[in-house]
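Below, chains carry the letters A, B, ... as their sequence lines are ordered, and counting in each starts from 1. Computed from heavy atoms alone, side chains included, the values below leave out hydrogens, waters and symmetry copies.
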Protein chains: 2
Amino acid sequence: MALFVSTFINKVDRKGRVSVPASFRSALSAQPFAGIVVYPALTSAAIEGCGTAFLEDLAASAEASFDLFSPEQDDLNTLIFASSHQLAWDPEGRVVLPEEILAHAHITEQAAFVGKGRTFQIWEPDALKAHQAEARERALKNRPQLVLRRPETK
Amino acid sequence: MALFVSTFINKVDRKGRVSVPASFRSALSAQPFAGIVVYPALTSAAIEGCGTAFLEDLAASAEASFDLFSPEQDDLNTLIFASSHQLAWDPEGRVVLPEEILAHAHITEQAAFVGKGRTFQIWEPDALKAHQAEARERALKNRPQLVLRRPETK
DNA sequence: TGGGAAATTATGGGCGTCAATGGATTCTCA
DNA sequence: TGAGAATCCATTGACGCCCATAATTTCCCA
């Protein structure tokens, strides 16, 4: 499988290590770098996660044409690269989340890995519950639109 | 890994030496020159950094076609080459930043190495914070949804 | 179909290695 | 020969690797 699906809640041990779910690891097994890339989500107290391919695409498009990218987009790329961390996992499949990243998501003892297709997120479990409750409410309200919407495939 | 990612804050000792982050060094391990290239950023109080390969690409594209690069861009390249410094690192991976470069970025005790993909920057830590806060605000204001956009990987 | 047996995964902890840093010593060239 | 620069050495603290254990899950076969 090449997609991140489902939710896994794993423990953060006293050394700060967390097991990356096995299915996530196998989804990334094709890439050369044995690990994940994480950066703080801009609009929520969560951590964005992905493979190295994402960053390479970002770098490629950024240098391909400066005209395609607005200063704002450039800001964004800058922020993402600057606040990203390449985390190699150990032989057991664990990574240590950097302090600043943990703080951003208020993670202390447990981390919830949430599959989002081609990317994933890491949440503090309780914060995730709250976030999902909101999302659920919004979804119910906007149901008519959701039903009509088509998945965008490229 | 061939990209400069993440941010590292290292100390400048009394002899002016700074450790180049290990991950940056390994990103440059393929090139023949054991060191980095730095030049003052044109629009901010920061230092631009890259490997020799990037400079060569810059030179190549500048002379390959004047249509791709405007006269202004050509001026830019001239400025960059003129004010560039090739800094070899010592056996421990440290470089000495030239006085004029340090002054331009107001660096005294600490230097923040900021990954930007194929290049990186060096900032005075506090100045970097301020700059990132601005960038973050601009990015959020203009198009938060850009964050969600992601090129597909195959 | 109902057990086990084996493989996989999550978790804990010990230990060696390496990166960052500071200082001393040697080298080089004017 | 002296000053600046480059190399060498020494410390410490973090990180990666190894092994051990436990809790699953998968698989095999009676």
Q: Indicate, with a heavy-atom threshold strictly under 4.0 Å, whether A:R17 touches base, sugar-phosphate, or nothing.
A: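 Here A:R17 touches the bases of the nucleic acid.
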Q. Touch check for A:V18, heavy atoms < 4.0 angstrom, all strands: base, sugar-phosphate only, or nothing?
A.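 Contact class for A:V18: none.
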Just the rounded figure in Å: distance from [atom2] of [N] to [atom1] of [X].
X      : N      : atom1 : atom2 : answer
A:H85  : D:dC15 : NE2   : P     : 11 Å
B:E109 : C:dG22 : CD    : C1'   : 15 Å
B:D90  : C:dG22 : CG    : C1'   : 12 Å
A:D13  : D:dA22 : CG    : P     : 17 Å
B:K11  : D:dT12 : NZ    : C1'   : 12 Å
B:R25  : C:dA19 : CZ    : P     : 6 Å
A:R94  : D:dC19 : CZ    : P     : 14 Å
B:L87  : D:dA5  : CG    : P     : 13 Å

Q | C:dT11 phosphate, OP1 or OP2, under 4.0 Å from A:K15 side-chain N/O | A | no
Q | Earlier contact from the 5' end, DNA chain D, for A:A88 and A:E92 | A |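 Checking each residue's closest nucleotide, the 5'-ward one belongs to A:A88.
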Q: Scan A:W123, A:F113, A:F24 and name whichever one has a ring-ring contact (aromatic ring centres under 6.0 Å, His included) with A:F8.
A: A:F24
(Q) Please report the interatomic distance CD(B:Q110) to CG(B:L128), rounded to the nearest 0.5 Å. (A) 11.5 Å
Q: Go through A:V12 and A:T108 one step at a time and tell me if the side chain to side chain contact (heavy atoms under 4.5 Å, CB included) criterion holds.
A: CA-CA 7 Å; A:V12 181; A:T108 55; over 6 Å; no
Q | 5' priority, DNA chain C, between B:R14 and B:A22 [closest heavy atom] | A | B:A22
**Q.** More than 12 heavy atoms of other groups within 6.0 Å of B:E109 CD
**A.**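 For B:E109, atom CD is not crowded (no more than 12 foreign heavy atoms under 6.0 Å).
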